[in-house]
K.L.:
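Pasting in a structure now, in structure tokens, and then I'll have a few things to ask.
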Amino acid sequence: MKSILQELKTRVGSAVRRLDAEADPLVRASTEDQHGDYQSNCAMSLAKKLGRPPRSVAEEILRSLDIADLCEPPQIAGPGFINLRLRPDALASRLAAIPPAPSAGGDRLGIDPVEQRETVVVDLSSPNLAKEMHVGHLRSTVIGDCVCRILEFLGHDVIRENHVGDWGTQFGMLVAFLRRAQPDVLARPDSIAIADLEAFYIQAKALFDADPAFKKESQETVVALQQGDAATRLVWQAFCNESLRHCHRILDRLGVAVIDRGESFYNDLMPKVLDRLTRDGHAVESQGALCMFLEGFKTKEGEPLPLLIRKSDGGYNYATSDLATLVHRFETLGARRVIYVVGMPQKLHFEMLFAAAYKSGIAPATARLEHLAFGSMLAKSGAPFKTREGGTIKLKDLLDSAVARARQVIESSAAAAQGDAAGPIESSGSSEGADDPFAAAGPGDLAGPSAASVATRRSLTSAQMEDIAEVVGLAAVKYFDLSHNLAKDYRFDLDAMTSLEGNTAPYMLYAYARIRAIGRKAGVDYADLPAGEAMTLEHPSEIALARAVLRLPEILDQAAADLKPNLLTDYLYDLSKSFSRFYDRKLGVRVIDAPTPALRLSRLRLCDLTARALALGLSLLGIRTLEQM
RNA sequence: GCGCUCGUAGCUCAGUUGGAUAGAGCACCGGUUUCCUAAACCGGGGGUCGCAGGUUCGAAUCCUGCCGGGCGCACCA
């Protein structure tokens, strides 16, 4: 089924084209309810072009506009806006046409995949294996996963590439150090275990700086590694595997699937790509380095700035491996589109890389190369996000702190909801140590009752409580990240993201859980409700909710077209609010005890569709839903 | 110095190829509960959209120049 917006664009478009074959109908959702649900803004610009008064142009558009089955009679307002309000019966029949959710999962709410599917490579997460994943990897992982999920949902063939850093000089040092620290690594390469990769790296680096013999050993190891020495390679592989295990513990926890294909994978391809670029005359030598000179890039001194693809010492750098990677992605993986989910500071690099790829023909002219650049995650104070000592914060610790906070919030509100006499609730302790993300995250400072006692009172086992905290905590982190405009920096704020109020994951999850609870209370299984039959929408809150549910397809189109996850979060928040109003005791309607059986059924179906839209939207953000909170 | 990017309410942020009286949330003030989850809802105050010009029916949005923050600018990725 087409989205309502698409349908209106088609209808208004064909009316507008009678006046001007090329005019865009400019249909969009109205920002204010008084202006209807959708509006067309094309009459004003068209009037200018035709040299006629805009309102008369609007009137002429309306004369040939065939829309009575969908909308109330259109209104012309202001300078020439055409305001469209959807008819409740049209909303009702569209809702009724949504097929039931398949029991096997994969509910699409009747949204069709795109006609033209593409093979899209998304480069996401991509940490360096020398160290453990840290907070700097969160955004690429979360945003990349969301983009993949949206594109996958729309039917594209998405290849999620985890382009890990597993090659380069520091790996010589790490391999040499591993051989010293765990001498039996050659005998049992799969049994190595490094409890703390971060500490391991620091130790190795310290020894490298202090011990000339070890430094020499490290450098020899790099050479051996690059020459393909089997024993060295084995230890290197063991190290990388161990690091990847760390990595995938995090990714699994976040529910993010990727294909690991590190820089080393392209090692053999790099010289071939360089040969080809040299042979074709795209690469030239300058100051001993192999370079590609591209239009429009300048150095500080105003000289042409080349893309260096081989250092003067003969070594390769990341431009080299990125070009080789593109060769693989286009020629072997058959990509039509490559999306790099990488932070803003690398913008220049990607501009140059893309220019080089197009110029040299590595990227077909029809292919799309995109740098989905995002801003930095800052501390709550706005300072760089570091530990008090200035070190990097492990991603695992960050997630743990969010889960701990989520547990606190859930337990506190549960206690408050129970009218618990345990005293004032310590909603947060974050006023102190504002820069420390773990302030108040410890389990010891919980003012409310223990998890077990709350769980008991809410008839949840403590295992269920743990699960809820895990889901809510991770959802909070992801949602907070995705709800911000990608281009801007944002401040990591545990209190804000775990709040039950506002545009947060807990609010959304709560709305979902509420709806599921309504079904249980009503004694119906939503999955058994009849589809296809007529529904009734009469109350304003009911109509508004129906409209919100039916906007999901156009939001997904837009979010995919712009690669902007925050469009989806904003929509979900709006949907949740619409639901809360619908279910409000004052402004909403009765559901379970609706005045008639037909209304009860219709409203329960609306509840179900709302829950399904929420669940689908959240799933595309990489967020699990909960039946109970 | 050049380039990129951001600047919107006290705070954190939205704002769809330029659209109507610039929106939310938090915080603050007030209201709603014999009633399906009040973990909710409703209302209120609060803005020279960094500044100044320009483009036009219309500018937070596009152009120019300033101011302020961040990032980048030949061999680390």
Side-chain angles (χ1 to χ4, degrees), chain A residues 24 26 28-32 34-35 39 41 44-45 47-48 54 77-81 83 128 165 167-170 263 286-291 296-313 315-319 321-322 343-349 351 373 375-376 378 380 382 409-410 412-414 416-417 483-485 487-491 493 495-496 499-504 506-507 509-511 513-515 517-518 521-522 554-555 558-559 561-562 564 566-567 569-570 573-574 577 580-581 583-594 628-629:
Chain A
D24 186 322
L26 294 177
R28 55 210 52 190
S30 297
T31 47
E32 285 177 75
Q34 55 169 321
H35 300 134
Q39 63 186 54
N41 301 333
M44 284 84 79
S45 53
K48 170 125 190 168
F81 297 103
N83 291 339
N128 191 310
W167 205 238
T169 49
Q170 57 198 336
E263 290 169 348
S286 166
Q287 297 176 32
L290 192 63
C291 300
F297 298 99
K298 285 188 217 158
T299 68
K300 253 180 277 194
E301 290 74 32
E303 306 293 320
L305 174 68
L307 180 69
L308 268 74
I309 56 180
R310 191 181 61 216
K311 297 187 286 180
S312 52
D313 67 2
Y316 302 137
N317 60 11
Y318 73 141
S321 70
D322 278 352
M344 200 66 87
Q346 300 209 39
K347 191 159 190 269
L348 179 61
H349 168 67
E351 283 174 3
S376 305
L378 306 172
K380 193 175 175 180
V409 169
I410 296 162
S412 303
S413 355
S483 63
H484 288 84
N485 189 321
K488 294 207 255 187
D489 296 346
Y490 78 88
R491 298 163 181 232
D493 184 341
D495 291 327
S499 169
L500 290 153
E501 285 152 27
N503 187 10
T504 65
Y507 179 89
L509 290 171
Y510 175 64
R514 261 175 115 187
I515 302 175
I518 292 167
K521 185 122 187 169
E554 74 200 41
I555 299 296
Q558 192 72 42
D562 300 348
K564 287 171 80 168
N566 72 296
L567 296 180
T569 58
D570 285 355
Y573 183 48
D574 184 64
K577 280 193 296 190
S580 286
R581 264 177 232 129
Y583 199 60
D584 184 72
R585 45 181 62 152
K586 275 279 161 55
L587 281 105
V589 296
R590 307 301 299 175
V591 176
I592 296 173
D593 51 359
Q628 213 175 342
M629 254 176 92

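Throughout, a chain's letter reflects where its sequence line sits, starting with A, and its residues are numbered from 1.
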K.L.:
What does His35(A) touch in the nucleic acid at a heavy-atom separation under 4.0 angstrom: a base, only the sugar-phosphate, or nothing?
P.N.:
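Base contact.
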
K.L.:
Could you list the residues that satisfy ring-ring contact (aromatic ring centres under 6.0 Å, His included) with Tyr490(A), not counting sequence neighbours?
P.N.:
Phe480(A), His484(A)

K.L.:
Taking only residues two or more places apart in sequence or in another chain, which ones pass side chain to side chain donor-acceptor pair (under 3.5 Å) with Glu303(A)?
P.N.:
none

K.L.:
Looking only at non-hydrogen atoms, find the nearest pair between Asp493(A) and Lys380(A) and report the distance.
P.N.:
OD2-CE, 3.4 Å

K.L.:
Distance between the C1' atoms of C62(B) and U55(B), in whole angstroms?
P.N.:
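So the two C1' atoms sit 8 Å from each other.
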
K.L.:
Using nucleotides 60-64 of chain B, report all nitrogen or oxygen pairs with the protein that are shorter than 3.5 Å.
P.N.:
none

K.L.:
Taking only residues two or more places apart in sequence, or in another chain, which ones meet Asn41(A) in a side chain to side chain donor-acceptor pair (under 3.5 Å)?
P.N.:
Gln39(A)

K.L.:
Using a 3.5 Å cut-off on both pairing distances, which stems of three or more Watson-Crick or G-U pairs include RNA chain B?
P.N.:
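Runs of three or more consecutive pairs: B:1-7 with B:67-73, B:10-13 with B:23-26, B:28-32 with B:40-44, B:50-54 with B:62-66.
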
K.L.:
Just to be sure I understand the rule, does Ala319(A) reach a base, reach only the sugar-phosphate, or reach nothing, if contact means heavy atoms closer than 4.0 Å?
P.N.:
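Nothing, no heavy atom under 4.0 Å.
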
K.L.:
Can you list the residues that meet the side chain to side chain contact (heavy atoms under 4.5 Å, CB included) rule with Asn128(A), with sequence neighbours excluded?
P.N.:
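Partners of Asn128(A) under the side chain to side chain contact (heavy atoms under 4.5 Å, CB included) test: Ala130(A), Gln170(A), Phe171(A).
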
K.L.:
Verify, without hydrogens or angle tests, whether Thr569(A) (side chain) and Asn566(A) (backbone) share a donor-acceptor contact under 3.5 angstrom.
P.N.:
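Present.
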
K.L.:
Between C1' on A14(B) and CD on Gln558(A), what's the gap in Å once rounded to a whole number?
P.N.:
14 Å

K.L.:
Nearest heavy atom decides the nucleotide; on that basis, is Met44(A) or Gly588(A) closer to the 5' end of RNA chain B?
P.N.:
Met44(A)

K.L.:
Given G15(B), C4(B), A20(B), which nucleotide is nearest the side-chain atoms of Lys347(A)?
P.N.:
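The listed nucleotide nearest to Lys347(A)'s side chain is C4(B).
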
K.L.:
For Tyr573(A) and A14(B), give me the distance from atom OH to atom P, rounded to whole Å.
P.N.:
15 Å

K.L.:
Write down the distance between CD (Gln628(A)) and P (U37(B)), rounded to a whole number of angstrom.
P.N.:
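One finds 12 Å between P of U37(B) and CD of Gln628(A), rounded.
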
K.L.:
For residues Lys311(A) and Tyr316(A), report the shortest heavy-atom separation together with the two atoms involved.
P.N.:
CE-O, 3.8 Å

K.L.:
Which heavy atom in Leu307(A) sits nearest to a heavy atom in Ala319(A), and how many Å separate them?
P.N.:
CD1-CB, 3.8 Å

K.L.:
Hey, does Ala29(A) reach any base, or is it just sugar-phosphate, or nothing, if we go heavy atoms under 4.0 Å?
P.N.:
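Since a base atom lies under 4.0 Å of Ala29(A), the category is base.
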
K.L.:
List the residues meeting side chain to side chain donor-acceptor pair (under 3.5 Å) with Lys347(A), not counting sequence neighbours, and say none if there are none.
P.N.:
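By the side chain to side chain donor-acceptor pair (under 3.5 Å) rule, Lys347(A) matches Glu351(A).
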
K.L.:
For Ala522(A), which residues count as a side chain to side chain contact (heavy atoms under 4.5 Å, CB included) partner, sequence neighbours excluded?
P.N.:
Val524(A), Ile592(A), Arg600(A), Leu604(A)

K.L.:
So if I define the base as every atom that isn't primed, P, OP1 or OP2, how would nucleotides 27-35 of chain B read as a B/S/- string at a heavy-atom cutoff under 4.0 Å?
P.N.:
-----SB-B

K.L.:
In whole angstroms, how far is the P atom of A14(B) from the CZ atom of Arg491(A)?
P.N.:
12 Å

K.L.:
Check if the side chain of Tyr510(A) and the base of U37(B) share a donor-acceptor pair of N or O atoms closer than 3.5 Å.
P.N.:
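Such a pair is found, so the answer is yes.
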
K.L.:
Using the C1' atom as the reference point in each nucleotide, state the distance between C28(B) and G46(B) in Å, no decimals.
P.N.:
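My reading of the C1' atoms in C28(B) and G46(B) gives 10 Å.
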
K.L.:
Within the 4.0 Å heavy-atom criterion, would you say Leu307(A) contacts the bases, only the backbone, or no part of the nucleic acid?
P.N.:
nothing

K.L.:
Over how many whole Å does the gap from Lys577(A) atom NZ to G25(B) atom C1' extend?
P.N.:
8 Å

K.L.:
Would you classify Ala513(A) as touching base, sugar-phosphate or nothing, given that sugar-phosphate means primed atoms plus P, OP1 and OP2, and contacts are heavy atoms under 4.0 Å?
P.N.:
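Base contact.
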
K.L.:
For Asp574(A), answer base if it contacts any base atom (sugar-phosphate contacts may also be present), sugar-phosphate if it contacts only those atoms, and nothing otherwise; contact means non-hydrogen atoms under 4.0 Å.
P.N.:
nothing

K.L.:
Please measure how far the C1' atom in G44(B) lies from the corresponding atom in C35(B), and state the result in whole Å.
P.N.:
27 Å

K.L.:
Please measure how far the P atom in U16(B) lies from the corresponding atom in A59(B), and state the result in whole Å.
P.N.:
15 Å

K.L.:
Sticking with atom P, work out how far C51(B) lies from U61(B), rounded to a whole angstrom.
P.N.:
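Here C51(B) and U61(B) have their P atoms 11 Å from each other.
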
K.L.:
With the side chain of Arg28(A) defined as its heavy atoms from C-beta on, choose the nearest nucleotide among G19(B), C36(B), A14(B).
P.N.:
G19(B)

K.L.:
For G19(B), does OP1 or OP2 lie under 4.0 Å from any side-chain N or O of Lys48(A)?
P.N.:
no

K.L.:
Please tell me which of the listed nucleotides, C41(B), C36(B), U37(B), lies nearest to the side chain of Asp584(A)?
P.N.:
C41(B)

K.L.:
Nearest to the side chain of Tyr507(A), heavy atoms from C-beta on, is which of A40(B), A20(B), G7(B)?
P.N.:
A40(B)

K.L.:
Looking only at atom P, what distance separates A24(B) and C42(B), rounded to whole Å?
P.N.:
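After rounding to an integer number of Å, I get 10 Å for this pair.
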
K.L.:
Let's test your reading of the model: under 3.5 Å, does the base of A20(B) pair with the side chain of Gln39(A) as donor and acceptor?
P.N.:
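By the distance-only test, yes, there is a pair.
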
K.L.:
Work out which heavy atom in Ala496(A) is nearest to a heavy atom in Thr504(A); give both atom names and the distance.
P.N.:
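Looking at all heavy atoms of both residues, the shortest contact is O-CG2, 3.3 Å.
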
K.L.:
May I ask you to decide if Glu301(A)'s main-chain N or O and Thr299(A)'s side chain share a donor-acceptor pair within less than 3.5 Å?
P.N.:
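It does hold such a pair.
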
K.L.:
Roughly how far apart, to the nearest Å, are G7(B) and U32(B) at atom P?
P.N.:
41 Å

K.L.:
Would you mind reading off the distance between Asp24(A) atom CG and G18(B) atom P, rounded to a whole angstrom?
P.N.:
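Rounded to whole Å, this separation is 10 Å.
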
K.L.:
Rounded to whole Å, please give me the gap between CZ in Arg581(A) and C1' in C42(B).
P.N.:
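About 10 Å, once rounded to whole Å.
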
K.L.:
Could you tell me whether Ser499(A) contacts a base, only the sugar-phosphate backbone, or nothing, with contacts defined as non-hydrogen atoms closer than 4.0 Å?
P.N.:
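The residue Ser499(A) makes no contact with any strand.
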
K.L.:
When the distance from CD of Glu303(A) to P of G1(B) is rounded to whole Å, what number comes out?
P.N.:
19 Å

K.L.:
Are any of Thr504(A)'s side-chain N or O atoms less than 4.0 Å away from OP1 or OP2 of G25(B)?
P.N.:
no

K.L.:
Among C36(B), C57(B), A20(B), which nucleotide sits nearest the side chain of Ser45(A)?
P.N.:
C57(B)

K.L.:
With sequence neighbours excluded, what pairs up with Ser45(A) under the side chain to side chain contact (heavy atoms under 4.5 Å, CB included) test?
P.N.:
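Scan of Ser45(A) (side chain to side chain contact (heavy atoms under 4.5 Å, CB included), adjacent residues dropped) gives Leu26(A).
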
K.L.:
Give Asp322(A) one of three labels, base, sugar-phosphate or nothing, depending on what nucleic acid heavy atoms sit under 4.0 Å from its own.
P.N.:
nothing

K.L.:
To check you understand the geometry: which heavy-atom pair defines the closest contact between Pro306(A) and Pro304(A), and what is its length?
P.N.:
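Scanning both residues, the minimum pair turns out to be CD-O, 3.5 Å.
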
K.L.:
Which letter, B, S or -, goes with each nucleotide of nucleotides 70-77 of chain B from 5' to 3', with contact meaning a protein heavy atom under 4.0 Å?
P.N.:
-SSBBB-B

K.L.:
Asp24(A): which residues meet the side chain to side chain donor-acceptor pair (under 3.5 Å) condition with it, sequence neighbours left out?
P.N.:
none

K.L.:
Do any side-chain nitrogens or oxygens of Asn566(A) fall under 4.0 Å of OP1 or OP2 in G15(B)?
P.N.:
yes

K.L.:
Using atom C1' in both nucleotides, what's the gap between A27(B) and G10(B) to the nearest angstrom?
P.N.:
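Comparing C1' positions in A27(B) and G10(B) gives a spacing of 8 Å.
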
K.L.:
Are Tyr583(A) and C36(B) stacked, counting the six-membered base ring, centres under 5.5 Å, planes under 30°?
P.N.:
yes

K.L.:
Does Asn503(A) or Tyr490(A) map to a spot on RNA chain B nearer the 5' end, using the closest nucleotide for each?
P.N.:
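Upstream on the strand: Tyr490(A).
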
